[in-house]
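One structure is given here, and the rest of the page talks about it.
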Amino acid sequence: MKGFNLLSHATRAKEILGVLAKHGYADLINQVDLPESVWQRLPHPGGDLTTPERLRRAAEELGPAFVKLGQFLSMRPDVLPQAVILELRKLQSNVQPLPYEVMKPVLVGALGGDPAEIFEEFNEVPLAAASLAQVYTATLREGNRQKVAIKVLKPDARRTIELDLDFAQWFAEQLHQRAATLKPFNLPAAVAEARQSMLAELDFRLEARNQLFFNHNNPDPAKVFAPAVHERYSSERVLVMDLVTGENVAHCSAPPEVRRDIAGRGAESLVRQVLIDGFFHADPHAGNVLVTPDLRLCFLDWGMVGHLTRRLRFGLAEFWTSAVEQDPERIVQIAASLAPPGVGTPDLRQMEKEVTIALREELNFSVGRQELGRAMIRLLNIFGRHGISLSDDYSMMAKAVLSIEEVGRELDPGFDLREHAKPVLRELFRGETGPRVVIRRLRELLKDTAEGLRSLPGELHRIVRRLERDDFTINFQHRGLEQMDQSLKSAANRVTLGVIIGSLIIGSSMIVTTGIEPHLLGYPALGIVGYLISALLGLYVIWGIIWRDGHR
């Protein structure tokens with residue numbers, strides 16, 4: 001990223017700042033040192049909406065880049081408060097489709113020819129239009145004349161997105177430096193991470209690979225699936241896949257018992273994706289889930305996915321179990337164990353108190369409160385405020401769980417995610433305790449032990465040879481003894497000074513009794529000088545004991 005040049009892009013900067021000011025963020029803008037040609041410090045009313053609502057509306061008005069940025073930031077509960085997270089999840093981009101004449105050059109360049117000649121049928125009227133892409137329908141010439149959906153990236157979408165994201169990055173850095181109240185959130189890091197993910201999402205080859213991988217790992221395609229991808233026609237800017245028709249889950253017309261079954265299948269699929277595969281759809285909201293005529297669930301839009309390692313998956317399973325069992329102490333222990341290296345020591349007691357309150361308010365089963373997704377978002381926010389920032393994929397998982405709970409309740413008002421997570425959790429833990437796993441781990445242990453024993457004679461021989469050559473040294477490093485060493489040196493010096501002072505006093509006394517010349521004040525001068533030196537040294541020792549040690 002080259003950075004945002006404010007003067008070169010002053011027109012767009014003024015547009016963005018004007019929209020932010022209109023929605024009540026003038027005070028925030030005034031904290032940034034901007035030239036008068038770009039911004040004038042004038043009061044701007046924000047209206048009666050809440051701060052999160054004004055933020056969402058400003059993002060929608062600013063366009064695709066800021067809508068996407070808000071959607072990505074809605075997956076950072078460790079950075080933003082829960083109220084902002086929940087409001088940003090409502091972000092939608094209401095856009096008018098571009099004319100086919102504008103989109104056709106992109107299609108021709110990506111497909112290698114005119115779509116009307118490549119496909120048997122091609123509908124120039126878009127099926128759907130989003131902020132970054134439009135979707136067209138067509139029919140393949142070969143095979144069974146499969147109807148396909150063609151997702152096309154809009155012209156100049158990348159350049160427009162990059163420009164707006166560069167401004168967002170620059171503005172976040174300015175606020176981070178100048179607005180003390182925003183420093184703890186580290187907005188520049190959050191925006192930089194969102195920027196990287198958003199630019200990757202502009203490459204449809206990644207989305208194609210995600211759909212292929214899910215369909216390959218999916219154990220039950222008769223119930224849940226993703227559209228099949230036609231790799232022959234797909235590229236960075238065009239994605240061709242089977243056209244899937246169906247009903248939005250919010251408007252499913254199936255009988256209640258069928259909707260209940262569909263909700264359970266979708267929930268079990270997502271939990272399996274998260275805990276078993278470690279690869280999951282990160283944005284399964286109602287608009288991305290269809291109920292097909294044969295009552296299957298189809299997950300659409302695989303541009304945003306999460307990945308969890310084996311360690312993170314088992315940590316998450318324990319998280320869920322502890323949350324359901326209302327065990328805040330265990331939750332805090334798990335969070336501390338999963339935290340990245342270098343994290344300071346948080347106040348675990350205060351964390352336990354906040355986790356307890358969050359669980360009682362979001363997972364209070366006695367009053368029918370069963371919001372696991374909200375609870376996870378709130379817990380991640382608590383951890384973030386205490387300096388424990390867990391894997392970003394945990395944030396994506398929390399948002400995915402929240403979305404699938406909402407989808408489940410659209411289909412079944414009595415939806416309970418716990419019931420559908422239980423069999424997957426049993427499978428996960430059974431996979432780690434079965435005989436095959438024990439045998440495999442024992443085999444790995446024996447293999448590692450055998451390799452260690454095989455190399456042991458050589459290592460012992462090397463040590464013996466170094467002993468024979470007097471080339472063997474052992475280095476010891478003591479830590480925390482510097483203060484003791486200084487104290488011993490100081491004590492030894494004082495003892496030495498005490499001996500010297502005592503000797504001077506005794507010697508001076510003997511000289512005084514002799515009466516030798518010359519005299520000073522009626523007494524031998526050498527004895528008087530000895531007394532004076534003894535007095536000065538004595539005062540120095542007393543000052544070192546009383547003053548320097550008292551202020552150390």
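When each of R418, M376, E325 is paired with W320, the side-chain contact (heavy atoms from CB on, under 4.5 Å) condition holds for M376 and for no other. The only member of L402, L363, I404 that meets side-chain contact (heavy atoms from CB on, under 4.5 Å) when paired with L372 is L363.
For the pair R296 and F225, the cation-pi criterion (under 6.0 Å, within 45° of the ring axis) is fulfilled. Taking the centre and axis of the six-membered ring of F204, the NZ or CZ atom of R237 falls outside the cone set by 45° and 6.0 Å.
Ion pairing of D164 with R12 is present here, as a side-chain N (NZ or NE/NH1/NH2) and a carboxylate O approach within less than 4.0 Å. At a threshold of 4.0 Å, the pair K399-D283 counts as salt-bridged, since one of the basic side-chain nitrogens sits closer than that to a carboxylate oxygen. The pair E361-R378 meets the salt-bridge criterion, with a side-chain N (NZ, NE, NH1 or NH2) lying under 4.0 Å from an Asp/Glu carboxylate O. Between E124 and K104, no side-chain nitrogen of the basic residue sits less than 4.0 Å from a carboxylate oxygen of the acidic one, so the salt-bridge criterion is not met. Using a cutoff of 4.0 Å between basic side-chain nitrogens and carboxylate oxygens, D301 and K151 are scored as salt-bridged. With salt bridges taken as basic N to acidic carboxylate O contacts below 4.0 Å, none links E318 and R313.
The aromatic rings of Y233 and F119 lie tilted to each other, with the angle between the two planes from 30° to 60°.
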* **Derivation and outcome, side chain to side chain contact (heavy atoms under 4.5 Å, CB included), residues M241 and L239** => CA-CA 7 Å; M241 52 192 163; L239 174 61; 4.1 Å; yes

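Checked by atom type and distance alone, the side chain of S234 pairs as donor or acceptor with a backbone atom of V240 at under 3.5 Å. Under the 3.5 Å distance criterion, the side-chain polar atoms of H307 are left unmatched by any main-chain donor or acceptor of F280.
The minimum heavy-atom distance linking E61 with K22 is given by the pair OE2-NZ, 2.6 Å.
The side-chain contact (heavy atoms from CB on, under 4.5 Å) search around P105 returns none, not counting sequence neighbours.
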